[in-house]
Amino acid sequence: MTTDLRGAPVLVVGAGIMGIGIVQVAALAGHPVKLFDMREGAASQALDKLAATLKSLVDKGRLDAEMAREAIGRTAAINSLAQARDSALVVEAIVEKLEAKRSLFNELEGIVAPGAVLATNTSSISVTAIANGLQHPGRLVGMHFFNPVPLMKLVEVVSGLQTDAPVAEAIFELSRAWGKTPVHAKSTPGFIVNRIARPYYAETLALLQEQAATPQVLDACLKAAGFRMGPCELMDLIGHDTNFAVTNSVYEANFQDKRFVPSLVQREMVAGGLFGRKSGRGFYRYEAGSSGPAPLPVAVHEAPATARQVTVHGIGPIADHLEHAAIAALAPQGWGPARELASDWVGLSIDGARLVLTDGRTAQQLAHDFGAADVAVFDRPLVQPIAPGSALAYAVAPGSHAAWQTQAGAWLAALGFTPLPLADAPGLVVARTIAMLINEGADAVLQGVCDTAGADAAMKLGVNYPAGPFEWLAHWSVDGVVGVLRALDAEYRGERYRVSPWLRRHAHLQA
Ligand code: NAD
């Protein structure tokens with residue numbers, strides 16, 4: 001079996017958006033690359049487009065002209081698979097259909113040498129299933145690139161039940177040689193990225209369904225947490241049809257595990273043709289002349305009423321930040337906050353009222369547990385150091401006095417946040433979403449889909465997350481995450497918020 005594939009002849013099958021990206025990367029890395037597509041003329045048209053892409057990179061000074069010329073010289077469009085007998089590696093990027101992929105690999109086994117590696121770029125089909133029926137199933141492996149291939153660093157190297165370890169290793173090393181960051185994954189529904197990412201969309205869709213906030217507010221909260229795009233903008237960009245199809249496929253492939261149940265909100269949008277950018281309307285409107293989501297209208301908060309006593313409660317970086325912010329807010333009045341390190345909650349008490357960092361409980365539940373009327377809960381600020389003006393969701397206990405309903409926001413504004421009111425939903429936006437991303441990452445690790453470092457790398461490089469689930473966990477705590485999940489589970493019941501056994505076991509280790 002070939003193990004060192006560097007410089008070896010490559011065949012790419014499928015001249016679509018992914019196939020041509022793979023040709024570009026392989027040719028620039030020095031491989032002779034042949035491209036085949038069943039649509040007549042598609043392969044040579046794709047190579048013409050590639051030549052134009054490389055020329056524009058050269059014109060912009062981002063690629064050496066000689067390298068571009070040599071790379072183009074190494075590519076060839078072929079109109080029959082038999083012309084690629086000498087390939088040491090085949091990368092398949094054809095239509096996402098099991099039967100089409102199986103029959104292609106069956107045909108290829110009769111053409112390429114028995115030692116050639118067969119790689120599939122499938123994003124959702126079981127690698128084990130694609131290999132079923134091959135003479136040498138051990139040489140079939142997933143090589144899952146992300147779109148756009150030349151820019152996205154991640155490659156999930158997916159092993160099916162029969163994939164030979166040296167084959168996965170050869171693809172891992174080759175991906176590195178192509179300038180990518182490979183991560184080993186086991187063939188399970190959604191592999192790493194498409195599985196762990198589900199709650200990013202699902203939690204927002206759940207909050208929309210219960211009318212907790214608008215898409216603009218939800219997007220603003222998650223962007224303040226460091227995500228490049230909020231979930232609503234991102235679903236609009238991906239296309240709701242595509243996003244819904246991926247969620248459905250993960251749900252179905254997991255025997256309809258309620259953890260992955262798709263959203264009625266999104267199904268309605270798909271049914272109505274509101275696909276997002278490509279159809280002109282999704283959560284936002286993208287008609288001609290419109291530049292997409294309008295900026296969030298932000299309420300102006302008056303200075304909070306003068307207090308007699310302010311105390312910062314709890315320990316950790318968020319409590320420390322609140323203390324600094326409270327010192328700055330109270331300085332003009334010539335006094336400062338007290339600090340109560342022994343409290344089992346983080347936040348501020350302002351005379352008789354409490355402004356509490358979410359632990360998953362709703363403001364109403366906290367008010368009940370504290371035996372206090374005036375309680376508000378605020379979301380978890382995720383980015384350290386917390387930037388001035390960061391958007392932050394908060395909710396006020398419905399039984400609070402009228403004055404506290406406005407004072408809670410005024411205090412958060414005085415502490416340097418841009419407060420965004422939300423319905424009193426457990427875990428608000430960021431805490432709930434991050435807890436669920438961590439939970440999904442934990443289950444993936446528990447099931448051997450990847451290790452913790454692989455999960456972190458995959459989420460940062462495959463979908464540009466600001467951090468990976470286990471990095472977030474390191475800055476939070478297992479108990480904190482489990483607390484939010486348990487509060488969600490208590491509120492909603494059902495399977496979606498069940499705590500991963502990996503987290504429960506680590507909570508015991510931490511205790
Ligand atoms: P695409 O529709 O742009 O291109 C597919 C190409 O394959 C077409 O040119 C088609 O003519 C050709 N084709 C179809 N059946 C064929 C066959 N039997 N033999 C030869 N050619 C055939 O699709 P795409 O977006 O490039 O996706 C290709 C694969 O990559 C799919 O498996 C998809 O799930 C996966 N993928 C896509 C993305 C993405 O963002 N588009 C990301 C990761 C993985």
Side-chain angles (χ1 to χ4, degrees), residues 11-26 34-50 53 77-84 87 90-112 118-127 129-131 140-158 160 171 175 180 182-183 185 187 189-195 197 234-235 237-250 253 275-278 458 461-464:
L11 165 65
V12 175
V13 187
I17 184 154
M18 298 303 286
I20 198 61
I22 297 165
V23 171
Q24 178 175 333
V25 171
K34 289 176 180 158
L35 177 63
F36 174 79
D37 196 287
M38 69 185 226
R39 273 185 301 125
E40 216 183 302
S44 54
Q45 269 170 27
L47 289 186
D48 290 346
K49 250 175 88 182
L50 174 62
T53 305
I78 56 173
N79 48 28
S80 133
L81 288 173
Q83 291 170 271
S87 306
V90 181
V91 187
E92 166 274 311
I94 66 167
V95 62
E96 186 72 345
K97 292 208 169 113
L98 174 61
E99 278 319 314
K101 289 186 194 286
R102 266 191 187 154
S103 93
L104 171 69
F105 283 119
N106 266 308
E107 187 180 350
L108 283 164
E109 275 204 314
I111 296 171
V112 296
L118 305 178
T120 171
N121 185 44
T122 181
S123 39
S124 63
I125 302 174
S126 155
V127 170
I130 296 174
L140 189 111
V141 60
M143 190 176 194
H144 185 210
F145 291 89
F146 289 73
N147 187 14
V149 177
L151 297 184
M152 298 302 283
K153 287 273 175 213
L154 182 67
V155 176
E156 291 179 339
V157 179
V158 187
I171 291 297
S175 304
K180 301 294 181 195
V183 173
S187 180
F191 310 140
I192 307 173
V193 170
N194 278 338
R195 173 213 185 116
L234 186 54
M235 284 183 269
L237 178 70
I238 293 168
H240 287 274
D241 48 344
T242 305
N243 190 262
F244 185 63
V246 176
T247 305
N248 259 310
S249 101
V250 172
F275 295 153
R277 274 179 193 268
K278 63 183 169 191
L461 300 173
V463 270
N464 291 322

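Computed from a predicted structure; not experimentally measured. As the structure lists them, so they are numbered: ligands from 1, and atoms in each ligand from 1.
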Name the one of L11, D37, L35 that satisfies side-chain contact (heavy atoms from CB on, under 4.5 Å) with I78? L11
Out of K153, E156, M18, which residue meets the side-chain contact (heavy atoms from CB on, under 4.5 Å) rule with F145? M18
Listed by chain and number, what are the side-chain hydrogen bond (donor to acceptor under 3.5 Å, both in side chains) partners of E40, not counting sequence neighbours? none
How long is the straight-line distance from NZ of K180 back to CD1 of I171, given to the nearest 0.5 Å? 14.0 Å
If every non-hydrogen atom of A129 is compared with every non-hydrogen atom of R102, which pair is closest and at what distance? O-NE, 2.9 Å
Distance-minimising heavy-atom pair for G160 and V127: N-CG1, 3.8 Å
Which protein N or O atoms sit under 3.5 Å from any N or O of ligand 1? Give atom names and distances.
from     : atom 1 : to   : atom 2 : distance (Å)
ligand 1 : 3 (O)  : I17  : N      : 3.2
ligand 1 : 9 (O)  : D37  : OD2    : 2.6
ligand 1 : 9 (O)  : R39  : NH2    : 2.7
ligand 1 : 11 (O) : D37  : OD1    : 2.7
ligand 1 : 11 (O) : D37  : OD2    : 3.4
ligand 1 : 11 (O) : R39  : NE     : 2.9
ligand 1 : 21 (N) : M38  : N      : 3.2
ligand 1 : 26 (O) : I17  : N      : 3.3
ligand 1 : 26 (O) : M18  : N      : 2.9
ligand 1 : 30 (O) : N121 : ND2    : 2.9
ligand 1 : 32 (O) : I94  : O      : 3.2
ligand 1 : 32 (O) : E96  : OE1    : 2.5
ligand 1 : 32 (O) : K101 : NZ     : 2.7
ligand 1 : 34 (O) : E96  : OE1    : 2.9
ligand 1 : 34 (O) : S123 : OG     : 2.8
ligand 1 : 40 (O) : N147 : ND2    : 3.3

